[in-house]
2 protein chains.
Amino acid sequence: MRISTRGDYACRALLSLALHIEEGGPTSVRDIAERTALPQPYLEQILLALKGAGIVRSKRGVGGGYVLAREPAAIMLSDIISAVDGPITVGDFGEPHQDGACDHEGQCVLLEIWNQAGAHMREHLDGYSLASITSIANGESPWPVLHEH
Amino acid sequence: MRISTRGDYACRALLSLALHIEEGGPTSVRDIAERTALPQPYLEQILLALKGAGIVRSKRGVGGGYVLAREPAAIMLSDIISAVDGPITVGDFGEPHQDGACDHEGQCVLLEIWNQAGAHMREHLDGYSLASITSIANGESPWPVLHEH
DNA sequence: CCGTTCTCTACCGGATCGCTCAGGAACGAC
DNA sequence: GTCGTTCCTGAGCGATCCGGTAGAGAACGG
């Protein structure tokens, strides 16, 4: 899985929403773009994708903008990334034990390893919610202890 | 990090070399391509990259071909992937705490998380050597116990 | 009705990817 | 020495994606 700038930008935008959640109302794309220093037109289509995935809700007209659709603790980084960057995998190979991929010297072992790596990645991104990130950003919470291999 | 077909193909080719290592001499690209069912011209340039990285050695002329440059236990998947697909990272963002990336609402936290993910990935691929994969492929060795999050 | 703000669609230049092709250069055999 | 085998080099090509722009339209509030 390669995390593109779309994924990064999406997380930045949502983090900004989470940080200002106490302000209540919707936040316009322009405000988000200013706070995050991201290109506004590009950010628009990213937010559109996030809306399509049900992560944010939108309101049009004066005073409109975007709001988180769920509480920050229920929005995981994996949700965000897969919403804008597609499914979290390390590459699109076939499944092991399919399509004769194993006909050649047991190389399906490699497919299995790639899938493991993808799963690893998903689990890692599943370990962070918007809530936990805001806590870390505000210094209210230390970095979680990470497993060392 | 996205694992491209180049990385996959490189591992397949080297796995094939490792599986036939007892035969001694070099193996021609044509033979490798046949055994792995990979497109030969494409495989050639991949092997070239692997040679540049010092993972294989080559010999020209009749009876020539490619040989592993080190013992299979000393060749890690991470070596192979980074040789043909470039450094193992999840995306090329700046380092945290640089270039004013932290000027906007502590978003360098995200950069740190992406870097963690990349490190995670590297460690995972560093856990498999050509030797261990051949063992698994031959059924001589079980799958290693993986850490569950 | 008018301005604000989201929504949609199209487009674009550049990069990358997977792969092919056409030689060229080293090597061994004879 | 020349011939076939094999690696080596480099160009090129179609397709896809990526980051970003542009512009018109539609909902909403006042």
Side-chain angles (χ1 to χ4, degrees), chain A residues 1-13 17 25-34 36-69 81 83-87 89-94, chain B residues 1-13 17 25-34 36-69 81 83-87 89-94:
Chain A
M1 179 61 188
R2 170 161 179 274
I3 295 178
S4 65
T5 63
R6 288 172 62 89
D8 185 43
Y9 288 4
C11 293
R12 280 166 142 62
L17 285 184
T27 311
S28 71
V29 179
R30 181 164 26 83
D31 286 357
I32 302 177
E34 277 174 11
T36 55
L38 299 178
Q40 173 174 344
Y42 192 28
L43 189 56
E44 282 179 16
Q45 45 180 273
I46 293 174
L47 284 167
L48 226 36
L50 291 173
K51 185 195 174 188
I55 296 178
V56 292
R57 272 195 301 263
S58 65
K59 195 185 169 201
R60 299 209 248 196
V62 182
Y66 285 93
V67 207
L68 293 179
I81 297 294
V84 300
D85 272 343
T89 56
V90 294
D92 23 288
F93 314 105
Chain B
M1 178 62 189
R2 171 161 178 276
I3 295 179
S4 64
T5 63
R6 288 173 62 88
D8 185 42
Y9 288 4
C11 293
R12 279 167 144 62
L17 285 185
T27 312
S28 71
V29 179
R30 182 166 24 85
D31 286 357
I32 303 178
E34 277 175 9
T36 55
L38 299 177
Q40 172 173 344
Y42 192 28
L43 189 56
E44 282 179 19
Q45 46 179 267
I46 293 175
L47 284 167
L48 228 33
L50 291 173
K51 184 195 173 186
I55 296 178
V56 292
R57 272 195 300 264
S58 65
K59 194 183 168 204
R60 300 209 248 198
V62 182
Y66 286 92
V67 206
L68 294 178
I81 297 294
V84 300
D85 273 344
T89 56
V90 295
D92 23 287
F93 314 106

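- Across the protein-nucleic acid pair, B:Arg57 atom CZ and D:dC8 atom P stand 13 Å apart, rounded to whole Å.
- Of the inter-residue distances, the one linking B:Glu44 atom CD with B:Leu38 atom CG reads 12.5 Å to the nearest 0.5 angstrom.
- The closest side-chain heavy-atom distance from A:Leu47 to A:Ile32 is below 4.5 Å.
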Inset, instruction - Mark up nucleotides 12-30 of chain C, 5' to 3', with B wherever a protein heavy atom is under 4.0 angstrom from a base atom, S wherever such an atom reaches only the sugar-phosphate, and - elsewhere. - result: ------BBB----BSB---
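- Separating the CG atom of B:Leu47 from the C1' atom of D:dC8 is a distance of 12 Å, rounded to the nearest angstrom.
- In this structure, CD in A:Glu34 is found 11.5 Å from CG in A:Leu43, a value given to the nearest 0.5 Å.
- Between the CD atom of B:Gln45 and the NZ atom of B:Lys51 there is a distance of 15.0 Å, given to the nearest 0.5 Å.
- Separation of atoms CD1 (A:Ile55) and CG (A:Leu50) is listed at 5.0 Å; rounding is to 0.5 Å.
- Atom CG in A:Leu38 sits roughly 16 Å away from atom C1' in D:dC18 (whole-Å rounding).
- Distance A:Leu43 CG to C:dT5 C1': 14 Å, rounded to the nearest Å.
- Here D:dT21 presents its C1' atom at 14 Å from CD1 of A:Ile46, a figure rounded to the nearest Å.
- Here D:dC7 presents its P atom at 14 Å from CG of B:Leu50, a figure rounded to the nearest Å.
- Note: CZ (B:Arg30) to P (D:dC7) measures 8 Å, nearest angstrom.
- Sequence neighbours left out, the pairs with a member in residues 39-65 of chain B that pass ring-ring contact (aromatic ring centres under 6.0 Å, His included) are B:Tyr9-B:Tyr42.
- At least one side-chain nitrogen or oxygen of B:Ser58 sits closer than 4.0 Å to the OP1 or OP2 atom of D:dC8.
- For the pair A:Leu17 CG and C:dC6 P, the computed distance is 11 Å after rounding to whole Å.
- Phosphate contact (OP1/OP2 of D:dC8, side-chain N/O of B:Lys51, threshold under 4.0 Å): present.
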